[in-house]
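Working notes, structure below.
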Amino acid sequence: MPSFFSNKKLIILLVSIIILVALIGYSLTDRERVTGPEQVVRDAVGWVQTIFMKPAYAVAGFFENVRDIHHVYEENKLLKSRLEEYAQISVERNLLRNENENLKEMLDLEESLHDYMIRTAVVIHRNPDRWSEYMGINKGSEHGVEPNMGIVDSRGGLVGKVKQVSEFSSVVQLLSDNDRTNRVSAMVSMDEPEYGFIEGYDEETGLLILRKLDIEADIEPGLMVTTSGKGGVYPSGLLIGEIVAVEPDEYGLTLNAYIEPTADFYGLDYVYVIERTSTTLDSSLLEEEES
């Protein structure tokens, strides 16, 4: 039987395997420099990768650019449609404005319940004992402020009205004052508006009470309440608040609505004085009506 070591092919195979394992182990050790063969192999592989990667990146970039162009095209279409809608709305608004002006001229209308002037003021006084009833502002008769002018906060929420006026300051009666004379003619914003009066403030819940609403009116929570302009003090359209609850009154004849005020009666620093410019009923006529 021939000797094991006489088989040259087997010996060469074993030696090659040993050399290969040794090279692999040597290449896995931590070294700062690579050997010549390793450098040749790495450079060759890197060169081949560079050749193939550049076209691959180019193709990938091409498809990415196509996708971006498609997105830009879709966004452009959307923006164009929005611009067309905006232009249409602007045209309709201008037409309605011109029509409104023409109707006013035809009817000889020179004013509306929405007309008012605004003056800014700073809250300079809050009495801790009457915190929810009155406050003082730094504008008075010298600045054109008069009693019964409305007061709103920076968000447009109705705060109250001017109660007393001196030369350079004024006292404001808040809506949260439960004085029986502190009433506001209000309107519930609906397709067919419902009218009532703000009469009272619930200090425990912080809600205003809107009374004398039609018992059959379809009034639900979430509806907004504004001034009606028919009380002779406030112009129409000033925000009062949002209805959070509705219930029949104690006699079951009308509805009471509880309103969360738009204005924050406790955090007032700056306010606006609202001067109604539309005509109000003469006070002497009101006295005759009450008598």
Side-chain angles (χ1 to χ4, degrees), residues 113-114 116 123 130-135 137 147-164 170-190 192-268 271-276 278 280-281 283 286 289-290:
L113 296 177
H114 294 275
Y116 57 85
V123 177
R130 311 191 72 176
W131 189 268
S132 62
E133 300 173 14
Y134 296 97
M135 69 180 186
I137 60 175
N148 288 332
M149 286 186 176
I151 303 293
V152 299
D153 67 358
S154 58
R155 296 182 298 176
L158 184 63
V159 171
K161 64 182 178 182
V162 176
K163 187 69 172 180
Q164 298 174 340
S170 301
V171 174
V172 175
Q173 183 182 32
L174 304 178
L175 287 183
S176 52
D177 182 10
N178 275 313
D179 182 356
R180 64 182 185 86
T181 63
N182 188 27
R183 298 190 299 177
V184 181
S185 177
M187 175 180 64
V188 181
S189 297
M190 305 169 58
E192 293 292 334
E194 291 293 333
Y195 298 91
F197 291 91
I198 301 293
E199 297 179 346
Y201 176 76
D202 190 332
E203 295 183 359
E204 293 184 0
T205 61
L207 301 177
L208 296 167
I209 306 174
L210 177 61
R211 304 183 189 274
K212 296 182 174 60
L213 294 168
D214 188 347
I215 190 64
E216 297 181 356
D218 187 18
I219 298 176
E220 300 177 351
L223 295 174
M224 297 302 297
V225 178
T226 64
T227 55
S228 68
K230 298 180 179 180
V233 176
Y234 307 101
S236 175
L238 300 181
L239 285 174
I240 296 176
E242 179 181 343
I243 294 178
V244 296
V246 181
E247 65 179 15
D249 68 358
E250 57 183 334
Y251 303 108
L253 300 177
T254 60
L255 292 176
N256 293 337
Y258 293 88
I259 302 169
E260 182 176 356
T262 301
D264 180 8
F265 301 128
Y266 295 93
L268 296 169
V271 294
Y272 297 100
V273 181
I274 303 298
E275 179 182 356
R276 171 174 168 153
S278 57
T280 59
L281 193 63
S283 58
L286 290 174
E289 181 181 358
E290 293 177 355

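We count residues from 1, following the sequence as given.
Within the 4.5 Å cutoff, the side chain of L158 has no heavy atoms near those of the T262 side chain. At a threshold of 4.5 Å between non-hydrogen side-chain atoms, the residues M190 and I219 count as touching. At a threshold of 4.5 Å between non-hydrogen side-chain atoms, the residues Y258 and L208 do not count as touching. Side-chain contact between D177 and R130 is absent, with no heavy atoms from C-beta onward closer than 4.5 Å. Residues S170 and V162 meet the side-chain proximity criterion, which asks for heavy atoms closer than 4.5 Å. Using a 4.5 Å heavy-atom cutoff, the side chains of I151 and Y272 are not in contact. Residues W131 and F265 are not in side-chain contact: their nearest non-hydrogen atoms beyond the backbone lie 4.5 Å or more apart. Taking 4.5 Å as the limit, every side-chain heavy atom of L255 sits out of range of all side-chain heavy atoms of D249.
Judged purely by atom type and a 3.5 angstrom limit, N182 uses its side chain to pair as donor or acceptor with the backbone of L174. R211 places no side-chain N or O within 3.5 Å of a backbone atom of T254 that could act as its donor or acceptor partner. A distance-only check finds a donor-acceptor pair linking the side chain of N178 to the backbone of Y201 [under 3.5 Å].
Across all non-hydrogen atoms, the minimal contact from A186 to L210 is CB-CD1, 3.8 Å. Between T227 and M187, the shortest heavy-atom contact is O-CE, 4.2 Å. In terms of heavy-atom proximity, I215 sits nearest to P248 at CD1-CB, 4.3 Å. The two residues I240 and V184 come nearest to each other via the heavy atoms CD1-CG1, 4.1 Å. Listed here is the closest heavy atom pair of V159 and A263: CG2-CB, 3.9 Å. The heavy-atom pair separating L175 from Y234 by the smallest distance is CD2-OH, 4.4 Å.
The CE atom of M135 sits 11.5 Å away from atom CD of Q173, with the distance rounded to the nearest 0.5 Å. Between the CZ atom of F197 and the CD1 atom of I209 there is a distance of 15.5 Å, given to the nearest 0.5 Å. With rounding to the nearest 0.5 angstrom, the CD atom of E242 is 11.0 Å from the CG atom of L207.
With sequence neighbours left out, R155 forms a side chain to side chain contact (heavy atoms under 4.5 Å, CB included) with D153, D264.
Within 6.0 Å of atom CD in E260, 12 or fewer heavy atoms from other residues, nucleotides or ligands are found, so the atom counts as exposed in its surroundings.
For residues 198-207, the pairs satisfying salt bridge (Lys or Arg N to Asp or Glu O under 4.0 Å) are R183-E199, E199-K212, with sequence neighbours left out.
Exactly one residue among T226, L223, L239, V225 makes a side-chain contact (heavy atoms from CB on, under 4.5 Å) with S189. That residue is T226.
Between the side chains of S236 and S228, no donor-acceptor pair is found at a separation under 3.5 Å.
Cation-pi contact between K230 and Y195: present, with separation from the ring centre below 6.0 Å and deviation from the ring axis of at most 45°.
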